[in-house]
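First the structure, in the form of structure tokens, and then the observations on it.
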Amino acid sequence: MSAHLSEQEELRRQKLNELRNLGIDPYPADEFKTNASAADIKANYERDKLNYKDISIAGRIMSIRDMGKACFAVIQDATGRIQIYVRKDDICQGEDKTLYDTVWKKLIDIGDIVGLQGFVFTTKTGEISLHVTTLKLLSKSLRPLPIVKTDESGKSFDEVSDPEFRFRQRYVDLIINPHVRETFLKRTQIINSIRTTLNNAGLLEVETPILQSIPGGAAARPFITHHNALNIPLYLRIANELYLKRLIVGGFEGVYEFAKDFRNEGMDRTHNPEFTVLEFYVAYKDYNWMMSFTERLLEKVANDLYGTTEVKIGDTIIDFKAPYKRISMYDAIKEHTGIDISSMNEEELRGVCRQLGIHVDNSMGKGKLIDEIFGGKCEGHYVQPTFIIDYPVEMSPLTKKHRRVEGLVERFELMVNGKEIANAYSELNDPIDQRERFEDQLRLQERGDDEAMFIDHDFLRALEYGMPPTSGIGIGIDRLTMLLTNNASIQEVLFFPQMRPEIKQMGQEEQP
RNA sequence: GAUUCUGUAGCUCAGCCGGUAGAGCAUUACACUUUUAAUGUAAGGGUCCUGGGUUCGAGUCCCAGCAGGAUCACCA
């Protein structure tokens with residue numbers, strides 16, 4: 001087993017044995033009680049010194065500065081880092097100096113997790129620190145932790161930046177890169193903020209099936225699996241839309257779900273095979289109401305996160321303050337191409353695409369062609385939050401037809417920083433219209449569009465019982481988090497982004 | 001899937017025209033009882049991603065593969 005351990009790993013295993021020989025359990029079972037945290041001490045010690053005389057904290061050793069008979073070290077807990085001061089004569093009050101000379105100085109390493117008791121003080125150089133009086137090893141680390149050093153100005157040295165290392169061993173990334181931890185704390189704050197808003201609005205948080213026999217509610221290639229007992233294929237959901245609408249039929253007037261969806265498609269810096277979408281549906285509302293609700297929702301998220309509606313993303317500042325600009329899709333295309341496509345047929349649209357240098361193929365219907373023009377020529381221009389409204393009916397099979405304009409539906413997408421982050425409708429609740437739209441999808445499928453929607457007969461049955469007029473929306477939580485944390489890659493906002501498995505290396509390493 | 005870049009010590013990276021592998025941090029030893037990228041002295045540590053090929057000789061050149069990044073394609 002030792003053949004492929006590094007020198008440092010061997011050494012730490014030896015230390016493990018030496019600890020046991022001294023009667024010290026490197027992995028003790030008993031609870032270690034703490035009464036403070038790094039952030040708490042730093043924030044409150046100065047104005048409440050009396051309460052920091054008998055402190056117990058626990059955390060991971062991040063660095064050690066050995067001064068001989070005294071040491072400074074930095075401990076990291078869930079709230080941050082704090083310096084500790086370990087002095088030989090304080091942790092070894094009697095004759096026996098083993099705890100300091102052997103255990104602390106030789107057997108404990110950077111990366112080990114320790115429990116500490118002591119009193120808080122301020123050093124000569126002004127750093128609030130814990131003067132340690134008792135020390136207990138809580139967990140021995142057997143792998144050397146990559147060391148990232150940071151100077152006073154916050155500049156870091158030898159930061160571990162290799163994406164493969166960081167994503168495969170996210171646990172290490174989280175330990176050594178504080179900004180990574182920060183991103184994930186913000187992700188949770190974003191979700192909490194939204195959840196609070198939705199709860200306050202009286203919506204009900206629900207859970208709907210992830211395993212579906214008909215992968216509906218969106219157009220995408222699904223992951224397929226097999227249920228043994230029922231002997232049927234099942235699909236991981238690509239959306240939960242049709243289930244949430246069934247609940248509206250069932251009489252709930254507002255429902256939401258933070259849903260993991262799965263799509264068996266390409267991966268890049270904005271796509272991961274599993275991702276999180278918030279969908280919510282509110283009865284008796286339309287897409288105009290939904291736009292107003294959405295802009296207030298996002299304004300509040302930005303405020304909760306940063307105390308302002310202005311968020312810096314790359315070099316630009318995006319202002320989430322409501323209201324947002326609204327522009328119809330036809331007007332958006334006219335604005336950026338100079339072409340009015342509002343009355344064009346499929347052939348004319350195909351001509352426009354060729355003229356604009358947009359790739360087309362025969363499986364594309366009218367709706368798809370318009371979407372290609374918008375995606376290719378317009379989408380990127382909408383940096384500040386903008387609602388693109390009134391989409392062609394062909395590309396929106398679950399959306400109610402526009403109340404005034406023939407050929408359009410009541411749909412909007414919210415564009416921010418040139419990317420779509422939300423998609424919403426006045427929901428189609430006419431069961432006969434819905435059946436015809438599904439049948440149109442079937443025809444697209446026959447024409448070669450492998451992402452056209454399947455017909456869900458049970459969903460149609462539900463609509464036939466009657467669904468109140470409803471507006472619904474899907475918000476991409478990963479992309480929203482990317483925006484609000486200024487991250488360009490979806491991998492930076494997912495703890496464990498999908499990676500090709502590292503079969504060979506693990507097979508060898510895990511042998512012993 | 002296409003193009004392109006990258007893969008060397010635990011980590012970050014050098015390595016020239018092909019000639020027995022280098023630095024900083026980390027590690028080990030010694031010194032130092034308020035340091036903070038602590039410091040000083042010394043030492044150890046390598047499957048140069050994998051497999052072929054060319055060559056007297058390959059980390060370096062060629063081919064294939066693996067893994068990752070970027071761009072594009074795909075993904076309403």
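Numbers restart at 1 for each chain; the letters A, B, ... are given by sequence-line order, proteins then strands. Computed over heavy atoms, backbone and side chain alike; hydrogens, waters and symmetry mates excluded.
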| task | Go through B/A67, B/C75, B/U27 for me and flag the one nearest to the A/Lys368 side chain. | result | B/C75
| said: Please determine whether a side-chain nitrogen of the Lys or Arg among A/Glu274 and A/Lys260 lies less than 4.0 Å from a carboxylate oxygen of the Asp or Glu. | reply: yes
| query | Which value, in whole Å, describes the distance between the P atoms of nucleotides B/G18 and B/G57? | reply | 16 Å
| request: Would you please determine if the base of B/A37 is stacked by A/Phe157, with stacking meaning a centroid separation under 5.5 angstrom and planes under 30 degrees? | output: yes
| note | Across every strand shown, the nucleotide meeting Watson-Crick or G-U wobble geometry with B/A2 (both distances under 3.5 Å) is B/U71
| query | Does any nucleotide pair with B/C56 by Watson-Crick or G-U wobble geometry, both distances under 3.5 Å, and what is it? | reply | B/G19
| Is A/Lys155 touching bases, backbone alone, or none of the nucleic acid, heavy atoms closer than 4.0 Å? | nothing
| field | Separation of B/A38 P from A/Asp66 CG (nearest whole Å) | value | 12 Å
| Could A/Arg166 and A/Glu492 be called an ion pair, given the rule that one side-chain N must be under 4.0 Å from one carboxylate O? | yes
| Touch class at under 4.0 angstrom, heavy-atom based, for A/Asp109 against every strand present | sugar-phosphate
| field | Syn or anti for B/C5 (syn when the glycosidic angle lies within 90° of 0) | value | anti
| said: Quick check on B/U35: is either OP1 or OP2 less than 4.0 Å from any side-chain nitrogen or oxygen of A/Lys69? | reply: no
| field | Salt-bridge contact A/Asp89-A/Lys97 (side-chain N to carboxylate O under 4.0 Å) | value | yes
| request: Give A/Thr150 one of three labels, base, sugar-phosphate or nothing, depending on what nucleic acid heavy atoms sit under 4.0 Å from its own. | output: sugar-phosphate
| Tell me: CG of A/Asp371 to P of B/A76, nearest whole Å? | 8 Å
| message | In whole Å, measure the gap between the C1' atoms of B/U20 and B/U27 for me. | response | 25 Å
| said: Can you work out whether A/Asp151 or A/Glu379 has the more 5'-proximal nearest nucleotide on RNA chain B? | reply: A/Asp151
| Pairwise C1' distance, B/G15 and B/G59 [rounded to whole Å] | 8 Å
| field | Ring centroid separation A/His336 to A/Tyr382 under 6.0 Å | value | yes
| B/G68, B/C75, B/A38: which one has an atom nearest the side-chain heavy atoms of A/Lys149? | B/A38
| query | Side chain of A/Arg269: nearest nucleotide among B/A67, B/U35, B/U71? | reply | B/U71
| request: Report yes if a side-chain nitrogen or oxygen of A/Lys106 is closer than 4.0 Å to either non-bridging phosphate oxygen (OP1 or OP2) of B/U28; otherwise report no. | output: no
| field | Distance, rounded to the nearest Å, where A/Lys105 contributes NZ and B/U33 contributes P | value | 9 Å
| message | Using side-chain heavy atoms (C-beta onward) and a distance below 4.5 Å, is A/Val409 in contact with A/His402? | response | no
| Gap between atoms CE and C1', on A/Met499 and B/G68 respectively (whole Å) | 7 Å
| A/Lys245 and A/Glu427, any side-chain heavy atoms less than 4.5 Å apart | yes
| So what does A/Glu413 touch, heavy atoms closer than 4.0 Å: a base, only the sugar-phosphate, or nothing? | sugar-phosphate
| Does A/Lys15 place a side-chain N or O at less than 4.0 Å from the phosphate oxygens OP1/OP2 of B/U28? | yes
| request: Would you classify A/Phe121 as touching base, sugar-phosphate or nothing, given that sugar-phosphate means primed atoms plus P, OP1 and OP2, and contacts are heavy atoms under 4.0 Å? | output: base
| field | Distance, C1' atom - from B/U47 to B/G7, rounded to whole angstrom | value | 14 Å
| Closest non-hydrogen atom pair, A/Pro392 against A/Gly367 | CG-CA, 4.5 Å
| message | Nearest to the side chain of A/Pro397, heavy atoms from C-beta on, is which of B/G68, B/A76, B/C32? | response | B/A76
| task | Inspect the contact between A/Arg435 and A/Glu439 and indicate whether a charged nitrogen and a carboxylate oxygen are less than 4.0 angstrom apart. | result | no
| field | Residues A/Glu413 and A/Arg411 bridged, charged N to O under 4.0 Å | value | yes
| query | Just checking A/Gln169: base, sugar-phosphate only, or nothing, at a heavy-atom cut-off of under 4.0 Å? | reply | nothing
| Hey, is the side chain of A/Arg65 poking within less than 4.0 Å of OP1 or OP2 on B/A38, counting only N and O atoms? | yes
| message | Ring centroids only, cut at 6.0 angstrom: are A/Phe495 and A/Phe184 within range, meaning strictly under it? | response | yes
| request: Give one of base, sugar-phosphate or nothing for A/Met62, where a contact means two heavy atoms less than 4.0 Å apart. | output: nothing
| said: Expressed as a whole number of angstroms, how long is the span from A/Asp89:CG to B/U34:P? | reply: 12 Å
| Separation of the P atoms in B/G10 and B/A70, to the nearest angstrom | 26 Å
| query | How would nucleotides 1-13 of chain B be written as a contact map, 5' to 3', with B for base contact, S for sugar-phosphate-only contact and - for no contact, using protein heavy atoms under 4.0 Å? | reply | ---------BSB-
| message | Taking donor-acceptor contacts at under 3.5 Å, does the side chain of A/Glu127 reach the base of B/U35? | response | no
| query | What integer number of Å spans the C1' atoms of B/U50 and B/A43? | reply | 33 Å
| Starting at CE of A/Met67 and ending at C1' of B/A38, how long is that distance when rounded to a whole Å? | 6 Å
| query | For the pair made of CG in A/Asp90 and C1' in B/U33, what is the distance, rounded to whole Å? | reply | 9 Å
| B/C74 phosphate, OP1 or OP2: any side-chain N/O from A/Arg221 under 4.0 angstrom? | no
| message | Could you tell me how far B/C11 sits from B/G46 if I compare only their C1' atoms? Round to whole Å. | response | 15 Å
| Atom-pair distance (CD on A/Glu164; P on B/A70), nearest Å | 13 Å
| task | Just name whichever nucleotide pairs with B/A31, Watson-Crick or G-U, keeping both distances under 3.5 Å, else none. | result | B/U39
| field | Whole-angstrom distance between B/U60 and B/G19, as gauged at atom P | value | 11 Å
| Looking at A/Tyr330, is A/Lys334 sitting on its ring face, NZ or CZ under 6.0 Å from the six-membered ring centre and within 45 degrees of the normal? | no
| task | Establish, with yes or no, whether the OP1 or OP2 oxygen of B/U35 is under 4.0 angstrom from a side-chain nitrogen or oxygen of A/Lys124. | result | yes
